[in-house]
There are 2 protein chains.
Amino acid sequence: MGKCEQCIVREFSSLKALNKDELIKLAECKTSHTIKKGNPIFEEGDIVNGVYCITTGTCKLSKLSANGKDQIIKLVKAGELLGQRSMISDEPANLSAVALEDMEVCFIPKSEVLSMFDNNNQFSMNMMKTICGDLKDADEHMISISQKTVKERLAETLVYLQETFGKNEDGSLHIQLSREELAGMIGTATESCIRLLSDFNKIGLIGLIGKKIIIKDIAKLKRIADIV
Amino acid sequence: MGKCEQCIVREFSSLKALNKDELIKLAECKTSHTIKKGNPIFEEGDIVNGVYCITTGTCKLSKLSANGKDQIIKLVKAGELLGQRSMISDEPANLSAVALEDMEVCFIPKSEVLSMFDNNNQFSMNMMKTICGDLKDADEHMISISQKTVKERLAETLVYLQETFGKNEDGSLHIQLSREELAGMIGTATESCIRLLSDFNKIGLIGLIGKKIIIKDIAKLKRIADIV
DNA sequence: TTAATAATATGATAATTATCATATTATTTT
DNA sequence: AAAATAATATGATAATTATCATATTATTAA
């Protein structure tokens, strides 16, 4: 059982408000889990009786729609918490969380989170701020889907992926998404996504080496995305 | 200065957790305001140093995009609170709130809300749940925009408007939105929205009397919207 | 390694939606 | 009430995007 005190990722989430005693208590009740790439942490409809703290790896939060398309709502990375919304709302999960790479997560039971809410106002406030941030992001994502073209959204998403998850030594995007997943993020058909990537490749904005994507002209991508 | 104790709308928001003493204290620090139809309660970029409790009327939360289109994120009605997100995030408002009809609102200063957070856990929890609900709605709205056609979204929105805001004696939707605003809600061009309303009218799903919209076949609208 | 399967790519086409033009009808102002 | 303005309506067309078909290339399983 790892010590939460020595875990650096907690500094990046609401958990940073916890004091030494709270961290010791947390270390005793949390459970650690390994999730292999492609496997779910939880799925739509599951009762999520606590929150997951991501130690390593990244996952997608997505929802499968009637027509079989998987819309990706958000990517969640190490340091962030997962499942707060369902836990707080006392509702089954609205979205599925699936690992995009091998992950390590710690599960913190609901009773523990609620007791931290009671005893640590800063923790509650942090959690509220996080959820408010998610809400703002969701609103902006909505406007983006509604008012930007697929091309603009693809450009925007490529920039986001590089700036949020970085790149490998060869310059390619570190986070590995299939074309289908990328399409699911920007809300379009897989073929449309592939076609536009091809276009971006032809005009030298990006490079495509197998499934890898290398951003070559981020300034121009930003201009296309209209990120001012 | 009205007494919050005797105000029924508080029962419909997070404020329902407040006890008698808290309500008396609230009545002393709140300020009441009248907002005429079409006027803003706050605008994008404003610092919202508290929350508004809506006593009467409905407003739209929207964001003006670069191309001049006003995307409506959400309608907020009597009994609900307004401005929590900005207040909690300590950020300027991300959206504008504009009255769709004459409104009465009470402004509760931030200091008061924070003190209620500190002293009343149920209030904090209610507020969290509300924001989580908003987040869920935003996610679902996003998926709807991304995966449904304009026709499906229009049907969905008409059903929502009737079920949420009711209808007048003549059967027309009680909430009065211009075609432009309706288009802004479903994320399409005004002309497209008008054209589809025309189509719905021709096949008898709705009636159009001037600007008024009368839902004639809600079951079929639901089927089109794919609300199961 | 070879076969089987899945992912990526591209062409052809259809469907959806936006845009521009222009009526028509309301609403407001003078 | 008449003129001016704004909102609603509809046609014509262009642009965007989805869908279906079919290669081509990777990846996995046998």
Side-chain angles (χ1 to χ4, degrees), chain A residues 36-38 65-71 100 143-158 172-173 175-203 206-214 224-226, chain B residues 36-38 65-71 100 143-158 172-173 175-203 206-214 224-226:
Chain A
K36 285 275 159 200
K37 177 176 178 174
S65 69
N67 57 28
K69 279 190 187 164
D70 201 44
Q71 174 82 26
L100 291 174
I143 293 168
S144 168
I145 288 183
S146 167
Q147 308 205 331
K148 288 186 174 179
T149 64
V150 177
K151 187 191 284 184
E152 289 166 339
R153 279 182 273 144
L154 176 59
E156 186 177 49
T157 302
L158 291 173
S172 62
L173 293 181
I175 186 91
Q176 277 270 52
L177 294 172
S178 68
R179 302 295 192 257
E180 191 177 2
E181 286 169 327
L182 190 53
M185 274 194 81
I186 65 181
T188 190
T190 306
E191 298 94 320
S192 300
C193 174
I194 289 174
R195 215 180 298 272
L196 284 168
L197 282 174
S198 256
D199 293 349
F200 283 178
N201 184 28
K202 273 170 202 150
I203 58 176
I206 64 173
L208 295 175
I209 299 177
K211 329 203 149 176
K212 290 194 171 181
I213 300 172
I214 298 170
I224 289 174
D226 194 26
Chain B
K36 286 275 158 199
K37 177 175 176 173
S65 70
N67 57 27
K69 279 190 187 164
D70 201 43
Q71 173 82 24
L100 290 173
I143 292 167
S144 169
I145 289 184
S146 167
Q147 309 206 329
K148 288 185 175 179
T149 64
V150 176
K151 185 191 284 185
E152 289 165 340
R153 279 180 273 145
L154 176 58
E156 186 177 50
T157 302
L158 291 174
S172 62
L173 293 181
I175 186 92
Q176 276 271 50
L177 293 173
S178 69
R179 302 294 192 259
E180 191 177 0
E181 285 169 329
L182 190 53
M185 275 195 80
I186 65 181
T188 190
T190 306
E191 298 95 320
S192 301
C193 174
I194 289 174
R195 214 179 298 272
L196 284 168
L197 282 174
S198 256
D199 293 349
F200 283 178
N201 184 27
K202 274 170 202 150
I203 58 176
I206 63 172
L208 295 175
I209 300 177
K211 329 202 150 177
K212 289 193 170 182
I213 300 172
I214 298 171
I224 290 174
D226 194 27

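The shown structure was predicted, so the numbers you read here are calculated from the model rather than taken from an experiment. Note on naming: letters A, B, ... go to the chains in the order of the sequence lines (proteins, then strands), and numbering restarts at 1 for each one.
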Does atom CD (Gln176(B)) have a neighbourhood of more than 12 heavy atoms from anything else shown, all under 6.0 Å?
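Yes, the 6.0 Å shell around CD holds more than 12 heavy atoms from other groups.
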Counting only heavy atoms not in Gln147(A), do more than 12 sit closer than 6.0 Å to its CD atom?
yes
Can you tell me if Thr188(B) touches the phosphate of dA18(C), counting only side-chain N or O atoms and a distance under 4.0 Å to OP1 or OP2?
yes
Using whole Å, what does the distance between atom [atom2] of nucleotide [N] and atom [atom1] of [X] come to?
X: Ile186(B); N: dT16(C); atom1: CD1; atom2: C1'; result: 13 Å
X: Leu154(B); N: dT17(C); atom1: CG; atom2: P; result: 11 Å
X: Asp199(A); N: dT16(D); atom1: CG; atom2: C1'; result: 13 Å
X: Arg153(A); N: dT16(D); atom1: CZ; atom2: C1'; result: 11 Å
X: Glu152(B); N: dT16(C); atom1: CD; atom2: C1'; result: 12 Å
X: Lys69(A); N: dT17(D); atom1: NZ; atom2: P; result: 13 Å
X: Gln147(B); N: dA18(D); atom1: CD; atom2: P; result: 10 Å
X: Ile145(A); N: dT17(D); atom1: CD1; atom2: C1'; result: 14 Å

Taking a pair as Watson-Crick or G-U wobble with both distances under 3.5 Å, which nucleotide is matched to dT22(C)?
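Matched dT22(C) with dA9(D) under the 3.5 Å cut-off.
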Closest heavy-atom contact between Ser172(A) and Lys212(A)?
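For Ser172(A) versus Lys212(A), the nearest heavy atoms are OG-CD, 3.6 Å.
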Under 3.5 Å between N/O atoms: give me all the protein pairs with nucleotides 4-11 of chain C, atom names plus distance.
{"residue": "dA7(C)", "atom": "O3'", "partner": "Lys211(A)", "partner atom": "NZ", "Å": "3.2"}
{"residue": "dT8(C)", "atom": "OP2", "partner": "Arg179(A)", "partner atom": "N", "Å": "3.2"}
{"residue": "dA9(C)", "atom": "OP2", "partner": "Arg179(A)", "partner atom": "NE", "Å": "2.8"}
{"residue": "dA9(C)", "atom": "OP2", "partner": "Arg179(A)", "partner atom": "NH2", "Å": "3.4"}
{"residue": "dT10(C)", "atom": "OP2", "partner": "Ser198(A)", "partner atom": "OG", "Å": "2.0"}
{"residue": "dG11(C)", "atom": "N7", "partner": "Arg195(A)", "partner atom": "NH1", "Å": "3.0"}
{"residue": "dG11(C)", "atom": "O6", "partner": "Arg195(A)", "partner atom": "NH2", "Å": "3.1"}

Ignoring hydrogens and angles, tell me if any N or O in the side chain of Arg153(A) forms a donor-acceptor pair with the backbone of Met185(A) under 3.5 Å.
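Checking the backbone N and O of Met185(A) against the side chain of Arg153(A), no donor-acceptor pair under 3.5 Å is found.
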Donor-acceptor pair, side chain of Lys148(B) and main chain of Ala225(B), under 3.5 angstrom:
yes
Report yes if some heavy atom in the side chain of Ile186(A) is under 4.5 Å from a heavy atom in the side chain of Glu152(A); otherwise report no.
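Side chain of Ile186(A) against side chain of Glu152(A), heavy atoms only: no contact under 4.5 Å found.
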